[in-house]
Amino acid sequence: MTCRKIDGKAVALAVREEIAVRVAQLKEKGVTPGLAVILVGNDPASEIYVRNKGVACEKAGMRSETVRLPEDTSQEALEAEIERLNRDDGIDGILVQLPLPRHLDERRALNAIRPEKDADGFHLLNAGKLLEGEETVVPCTPKGCMRLLESAGVEMTGKEAVVIGRSNIVGKPMALLLMNAGCTVTVCHSKTRDLAGHTRRADILVAAVGKPGFVTKDMVKPGAVVLDVGINRVDGKVCGDVAYDEVAEVASAMTPVPGGVGPMTIAMLLQNTLEAAEKRA
Ligand code: NAD
């Protein structure tokens, strides 16, 4: 079987071009979408992510603000900063870069963001709306995965979908989105018995584990569509959770790493911010 590469880089580029057009239209009405990113401490990986988000915003014509707070910032000081941005009419999206230093309460900080400005979709109210199947701000990575499935023309109704990973930011919202799209969904995790027995039933398989080469050929049903969310570093090189070359022998379509889900995450962050600005306008 020939495996089609789902080119996340190309889809993300098209989404970002479309966003830039909509941003320009909003600006004509006097509204410039704005995203604020709060970075606490000096984690090098977070520094890179935050810089990339700022650059992406500016390229799309949006306003970007990065708030840098010291490692020893108190919960109160962090929430005061969030509240300042909640009240800033020029800011449509607020994102707290995770992970936060251990002394800070992540859940409290995320819930301090006004739900309409919750660019990451991590506020409990937005998570609850997703659970109910209501329209809401959807977390960027699973939203990007859904967009990739749509752009690849994958029919979802009635399909068996298996998600490996149950985190609040990827696995769980991914499972809900697939369920809302009409799939029969199984969520696997570190305590799952006979993992391959589950994954081999999947027409759509999503790997969000964080272990390089975790999904092997024997775990994949012939003809399955495989989305690789993992970002791992091996000998300085970025790779996903799926052993790409061998799985490509059986899958019908698959996202590469890099160049698959990753670029979609930033594109969806811009889209969430734009949609909030459109509501403001
Ligand atoms: P996480 O560590 O919170 O969750 C990992 C999940 O994998 C857990 O639910 C755990 O139960 C499951 N797991 C671990 N070992 C397992 C096993 N042996 N069998 C079955 N399940 C097992 O991670 P996360 O935040 O959900 O991220 C997952 C991966 O996706 C990471 O590599 C992360 O870097 C990447 N990620 C990528 C993007 C992107 O933009 N592409 C965004 C977020 C996360």
Side-chain angles (χ1 to χ4, degrees), residues 3 5-6 8 43 45-46 48-49 97-99 106 120-122 127 130 138-149 152 154 156 159-179 181 183-266 268:
C3 177
K5 191 192 270 188
I6 303 177
D43 177 61
S46 294
I48 296 171
Y49 291 138
Q97 183 65 41
L98 302 179
E106 204 165 279
D120 258 336
F122 294 161
L130 181 62
V138 173
C140 303
T141 301
K143 181 171 171 158
C145 287
M146 293 305 285
R147 184 75 185 247
L148 284 177
L149 289 173
V154 177
M156 283 179 258
K159 292 287 171 65
E160 290 279 342
V162 174
V163 179
I164 320 176
R166 59 172 164 182
S167 70
N168 291 334
I169 64 169
V170 188
K172 284 182 201 163
M174 187 71 229
L176 288 169
L177 288 167
L178 288 164
M179 202 191 306
C183 293
T184 301
V185 182
T186 304
V187 181
C188 299
H189 47 77
S190 55
K191 304 286 187 290
T192 297
R193 291 189 203 152
D194 187 20
L195 178 66
H198 292 286
T199 59
R200 272 198 297 266
R201 289 203 327 271
D203 301 307
I204 298 166
L205 179 61
V206 182
V209 188
K211 293 187 175 165
F214 183 78
V215 175
T216 47
K217 184 179 167 183
D218 56 304
M219 295 167 73
V220 179
K221 176 178 170 176
V225 174
V226 181
L227 299 184
D228 189 351
V229 179
I231 299 181
N232 310 293
R233 271 182 186 80
V234 177
D235 299 331
K237 279 180 82 178
V238 175
C239 65
D241 289 342
V242 179
Y244 190 93
D245 290 341
E246 61 172 79
V247 172
E249 292 171 20
V250 288
S252 64
M254 187 159 45
T255 58
V257 177
V261 175
M264 291 303 288
T265 298
I266 274 197
M268 294 301 111

Output the distance between atom [atom1] ([X]) and atom [atom2] ([Y]), rounded to the nearest 0.5 Å.
| X | Y | atom1 | atom2 | answer |
| --- | --- | --- | --- | --- |
| L177 | K172 | CG | NZ | 14.5 Å |
| E160 | I204 | CD | CD1 | 10.0 Å |
| M268 | L148 | CE | CG | 8.0 Å |
| M174 | I164 | CE | CD1 | 12.5 Å |

| task | Could you walk me through whether L205 and V220 pass the side-chain contact (heavy atoms from CB on, under 4.5 Å) test, one step at a time? | result | CA-CA 8 Å; L205 179 61; V220 179; 4.0 Å; yes
| request: Sequence neighbours left out, what pairs pass side-chain hydrogen bond (donor to acceptor under 3.5 Å, both in side chains) with at least one residue falling in residues 202-213? | output: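 Found D203-K221.
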| task | Only pairs at least two apart or in different chains count here, so list each side-chain hydrogen bond (donor to acceptor under 3.5 Å, both in side chains) that has a residue in residues 246-256. | result |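 Of all non-adjacent pairs touching residues 246-256, those that pass side-chain hydrogen bond (donor to acceptor under 3.5 Å, both in side chains) are K217-E249.
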| task | Could you walk me through whether L178 and L149 pass the side-chain contact (heavy atoms from CB on, under 4.5 Å) test, one step at a time? | result | CA-CA 10 Å; L178 288 164; L149 289 173; 3.9 Å; yes
Side chains of [X] and [Y], heavy atoms from C-beta outward: is any pair under 4.5 Å?
| X | Y | result |
| --- | --- | --- |
| V185 | L176 | no |
| H198 | M219 | no |
| L227 | I6 | yes |

Can you see which heavy atom on [X] is nearest to which on [Y], and at what distance?
| X | Y | result |
| --- | --- | --- |
| L195 | C188 | CD1-CB, 3.4 Å |
| G121 | P139 | O-CG, 3.6 Å |
| A208 | V170 | CB-CG1, 3.6 Å |
| V187 | R166 | CG1-CB, 4.0 Å |
| A248 | C3 | O-CB, 3.2 Å |
| D241 | P212 | OD1-N, 4.3 Å |

| request: Please step through side-chain contact (heavy atoms from CB on, under 4.5 Å) for the pair D228 and Y244, ending with a clear verdict. | output: CA-CA 9 Å; D228 189 351; Y244 190 93; over 6 Å; no
| said: Just to verify, what does T265 make a side-chain contact (heavy atoms from CB on, under 4.5 Å) with, not counting sequence neighbours? | reply: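 side-chain contact (heavy atoms from CB on, under 4.5 Å) list for T265, sorted by chain: C140, T141, V261.
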| Taking D235 for the side chain and K237 for the main chain, is one N or O donor matched with an acceptor at less than 3.5 Å? |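 Between the backbone of K237 and the side chain of D235 there is no qualifying donor-acceptor contact (under 3.5 Å).
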